Each structure stands twice: as structure tokens, then as C-alpha cells.
Amino acid sequence: MSVPCVAVERERGEAVRERLADADALDGDHEIAVDGDTIYIPVTDSEAVPVDLAPTIVERDAAERDRPRTPAAILGYEPSLERLGDIVIIDEDDDERAREIAEAVMASDVPCETVLNRASPIEGELRVRRWDVLAGDGTETVHREYGHEFALDVAEVYFSPRLATERHRVIEQVAPEETVVDMFAGVGPYAVPMAGRGADVVACDLNERAVEYLRENAERNGVGDRVTAIAGDVREVADEYAGVADRLVMNLPHSADEFLDTAVRLAGDDCVVHYYDIQHEDDPFGPGARAIRAAAGDTYDATVETERVVRSYAPHEYNVCLDVRLTRA
């Protein structure tokens with residue numbers, strides 16, 4: 001069967017295999033093969049392959065291999081798991097069941113150093129939660145997403161790997177030489193890849209620890225010169241960056257509407273706003289669209305270009321995104 005493979009020099013094989021595993025791009029269903037001085041490593045998703053390895057992807061016949069041992073095979077049921085770097089996250093109220101799942105994860109073939117259980121909801125202005133460490137040590141990791149690396153500590157910053165597809169959708173819209181303001185940037189999952197596409201990014205966050213990781217991640221991904229990281233409330237720097245933004249990211253869905261006046265101040269003559277909201281299923285997009293138009297007033301024409309349900313948030317509630325173009329009237 002023909003599958004996509006990363007083809008590299010044989011001596012680089014193990015290092016490349018580890019990178020592909022870290023990026024969740026390794027195809028565990030097909031065998032790695034060696035032909036002469038070249039090793040062929042099957043991959044599941046070409047888009048998940050680190051960008052510097054993308055030119056090495058070729059199509060090649062690969063033999064199927066035995067499937068890896070999974071936690072479900074050990075437990076006899078399918079546990080709910082979430083991968084974040086080398087951390088596996090579970091969400092179990094029953095302590096005995098949580099520890100049973102953790103033991104199965106560590107005994108399985110899942111690449112994992114630590115298993116965490118959520119010990120609280122997201123709390124406070126900085127949107128962090130408490131964790132129980134069930135296996136391994138610590139809450140810091142490096143997460144790979146669409147060819148970029150993000151160092152973070154889940155006990156100190158907010159980060160959701162479930163939003164990877166949505167982030168990629170927005171990032172793909174960015175053109176070189178744009179000026180982007182990421183108003184609630186966290187550790188940089190929007191800001192860093194946008195800078196990687198050639199944009200100049202101003203990235204703000206209240207969480208000083210998140211901004212430290214943001215700066216580290218910008219350097220880690222080779223875009224430190226294109227990311228201006230600011231620790232603090234974006235409203236306090238709006239005058240300094242008034243009118244500069246070709247694109248605004250407003251990923252603070254519970255309270256982004258409180259920052260729309262600031263967004264209008266930051267917007268340039270033609271600016272796309274990615275506005276995240278949480279609303280009832282009866283009218284998921286209307287409140288956000290109305291709030292944006294009210295903030296734009298007579299200064300801008302506001303055109304909703306995309307309405308997208310990102311995910312279900314709670315019973316009868318959706319996390320949504322509106323892509324809105326502001327054009328100066």
C-alpha cells in the first residue's frame with residue numbers, strides 16, 4: 001500500500017522518527033523501511049510534519065505492522081484522553097478509576113512521560129486550573145502543532161490542544177507583511193505561526209508567565225524578530241498601536257465583547273477581526289455580530305465574512321468564531 005513517508009539519510013533516522021512522534025505525525029500502522037542509505041518513515045498527516053522535513057515527503061509502498069498496544073486494549077474500555085506534548089490529560093472524578101487509566105497509559109505504547117487529571121475547572125482572570133499528577137513528574141511540556149513547537153506549563157498558563165484545527169484555519173489566512181495584534185496571546189499558538197508566515201505580530205497577555213513562554217516560543221521557532229510580546233492589559237497599549245492592525249485575534253470567548261472598543265482603536269483602514277464568543281445554540285452568531293457593529297459605529301463598515309462553530313461548549317451552548325472585516329467608512 002502506498003503511503004506518505006519522510007525519506008532521510010539512514011543515520012538521521014532515529015532523530016527524525018522522534019521528531020515525527022513528538023509532532024503526532026508518525027504512522028504507527030506501517031513499517032519503517034531502509035533502502036540503501038535512505039530510511040523511509042511513514043507519516044499520518046503531511047501537514048503535521050515539521051516544516052523543514054516537508055520537502056522530504058515521498059509516496060512509497062509500506063508494509064502494515066501490528067497495531068500498538070493501546071490503553072483501551074489494557075483496560076477493556078475506551079478512556080477519554082487528551083495529548084499535550086508528552087503529557088496525557090484525563091478528566092475523572094473517581095480517583096481509583098483515574099489511577100487505573102494512568103497506569104494503563106504508562107503501560108501502553110502511547111508516547112507519554114506524565115499523566116495528569118484535572119483537579120479543578122479553569123479559574124481566575126488568568127484562566128488556569130489545578131492538576132493531580134498521577135504518573136511522571138511535573139506539568140511542563142513542549143507541544144507540537146502544525147510544524148511549530150510551544151513550551152508551556154499547564155499549571156501556569158491556559159492552552160487547549162483541541163483548538164489546533166481552528167487556529168490553523170485562521171493562521172492560513174495571514175499574508176506576509178501584515179501587522180497582526182493578538183489581544184490575548186497566551187504562549188503564542190496564534191502569534192508564532194502568524195509570524196512564521198511573514199507577519200509582524202504584537203502579542204499581549206495578562207499572564208506574565210505566559211508571556212515568558214511566548215518569548216521563548218518565538219525564539220524557539222525562529223520568529224523572535226517578528227513578535228513583540230507584551231505582558232499586560234491590551235487596553236493599556238492601545239494608544240501606542242492605534243490604527244496599525246491588518247488583523248486582530250480576539251480569543252477570549254467569555255469576555256471579548258468587553259474589548260471591542262479597544263479592537264476598533266487598534267484596527268487599520270482594512271482589518272479582519274477573528275472574534276471568539278460563547279452563545280446559546282438558538283442564536284450563536286447574532287450577539288457577537290451586533291456587538292461588533294455597535295463598537296464599529298460610523299467609523300467602520302463591519303462585514304461578517306465567516307460564521308463558524310468551533311466546538312460544543314456546554315449543553316445548548318457553542319464556542320463560535322466570527323471573521324469580520326472592518327473597512328473604514
Side-chain angles (χ1 to χ4, degrees), residues 82 84 89 91 118-131 150 152-167 169-171 180-191 202-211 213-214 230-238 245 247-267 272-296 302 304 306-324 326:
E82 186 174 358
L84 182 59
I89 295 170
D91 189 4
R118 292 181 174 94
S120 76
I122 294 171
E123 299 172 327
E125 191 175 37
L126 301 184
R127 303 175 69 210
V128 296
R129 70 167 89 233
R130 289 175 282 113
W131 302 90
F150 302 98
L152 60 115
D153 187 328
V154 295
E156 297 190 50
V157 305
Y158 173 80
F159 188 94
S160 175
R162 296 177 184 176
L163 298 177
T165 300
E166 168 61 16
R167 287 191 284 262
R169 179 191 74 85
V170 170
I171 290 160
V180 179
V181 180
D182 188 347
M183 297 172 65
F184 319 104
V187 302
Y190 284 96
V202 179
C204 301
D205 203 278
L206 275 179
N207 186 336
E208 293 186 5
R209 189 72 178 107
V211 174
Y213 278 116
L214 169 59
I230 300 171
D233 192 318
V234 66
R235 291 173 290 202
E236 296 175 359
V237 298
R247 190 176 302 274
L248 291 163
V249 181
M250 302 185 70
N251 187 19
L252 193 68
H254 287 285
S255 52
D257 59 325
E258 299 173 13
F259 293 81
L260 281 170
D261 288 345
T262 300
V264 170
R265 289 164 64 195
L266 293 166
V272 175
V273 182
H274 303 286
Y275 177 85
Y276 290 87
D277 200 3
I278 292 173
Q279 293 293 341
H280 194 273
E281 64 184 6
D282 289 345
D283 188 14
F285 305 109
R290 289 190 290 272
I292 293 168
R293 290 192 174 106
V304 178
T306 305
E307 297 177 340
R308 174 177 168 81
V309 173
V310 178
R311 58 177 174 170
S312 178
Y313 179 76
H316 308 294
E317 288 189 326
Y318 291 132
N319 179 193
V320 301
C321 181
L322 292 90
D323 298 342
V324 181
L326 299 180

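All of these numbers come straight from a predicted model, not from anything done at the bench.
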Rounded distance [0.5 Å steps], OG in S255 versus CD in E125: 9.0 Å
A185 to L214 - nearest heavy-atom pair and separation: CB-CD2, 4.2 Å
Salt bridge present between D91 and R129 (N-O < 4.0 angstrom): no
Over 12 foreign heavy atoms within 6.0 Å of CD, E208: no
Nearest-0.5 Å distance that lies between atom CE in M250 and atom CD in E258: 10.0 Å
Ring geometry between H254 and Y313 (parallel below 30°, tilted from 30 to 60°, perpendicular above 60°): perpendicular
E281 CD to E317 CD distance, which is reported to the nearest 0.5 Å: 9.5 Å
Side-chain donor/acceptor of T306 to backbone N/O of D323, under 3.5 Å: no
Pairing residues for D233 by the side-chain contact (heavy atoms from CB on, under 4.5 Å) criterion, not counting sequence neighbours: L206, R235, E236, F259
CZ-CG distance between R293 and L326, expressed to the nearest 0.5 angstrom: 10.5 Å
Heavy-atom side-chain proximity of V304 to I292 below 4.5 angstrom: no
Which atom of A296 lies closest to which atom of A302, heavy atoms considered: CB-CB, 4.5 Å
Which atom of F285 lies closest to which atom of L322, heavy atoms considered: O-CD2, 3.7 Å
C204 to V237 - nearest heavy-atom pair and separation: SG-CG2, 4.0 Å
pair L266-V202: side-chain heavy atoms closer than 4.5 Å: no
CA sep, side-chain torsions, deciding dist, call: V320, E307, side-chain contact (heavy atoms from CB on, under 4.5 Å): CA-CA 7 Å; V320 301; E307 297 177 340; over 6 Å; no
M183 side chain near L248 side chain, heavy-atom distance below 4.5 Å: yes
OG-CD1 distance between S160 and I122, expressed to the nearest 0.5 angstrom: 8.0 Å
Sequence-distant partners of E166, salt bridge (Lys or Arg N to Asp or Glu O under 4.0 Å), two or more places apart: R169, R308
Candidate list L126, N207, D205, test side chain to side chain contact (heavy atoms under 4.5 Å, CB included), partner V157, passing option: N207
Atom CD of E123: over 12 foreign heavy atoms under 6.0 Å: yes
Where D283 and P287 come nearest, the two heavy atoms and their spacing: O-CD, 3.1 Å
Spacing of R290 atom CZ and D257 atom CG [to the nearest 0.5 Å]: 12.0 Å
For F184 against N251, the heavy-atom pair lying closest together: CD1-N, 3.7 Å
side-chain contact (heavy atoms from CB on, under 4.5 Å) between H316 and D282, worked out: CA-CA 8 Å; H316 308 294; D282 289 345; over 6 Å; no
Within-4.5 Å side-chain heavy-atom neighbours: Y318 and R311: no
Full working for side-chain contact (heavy atoms from CB on, under 4.5 Å) between V170 and Y276: CA-CA 12 Å; V170 170; Y276 290 87; 3.4 Å; yes
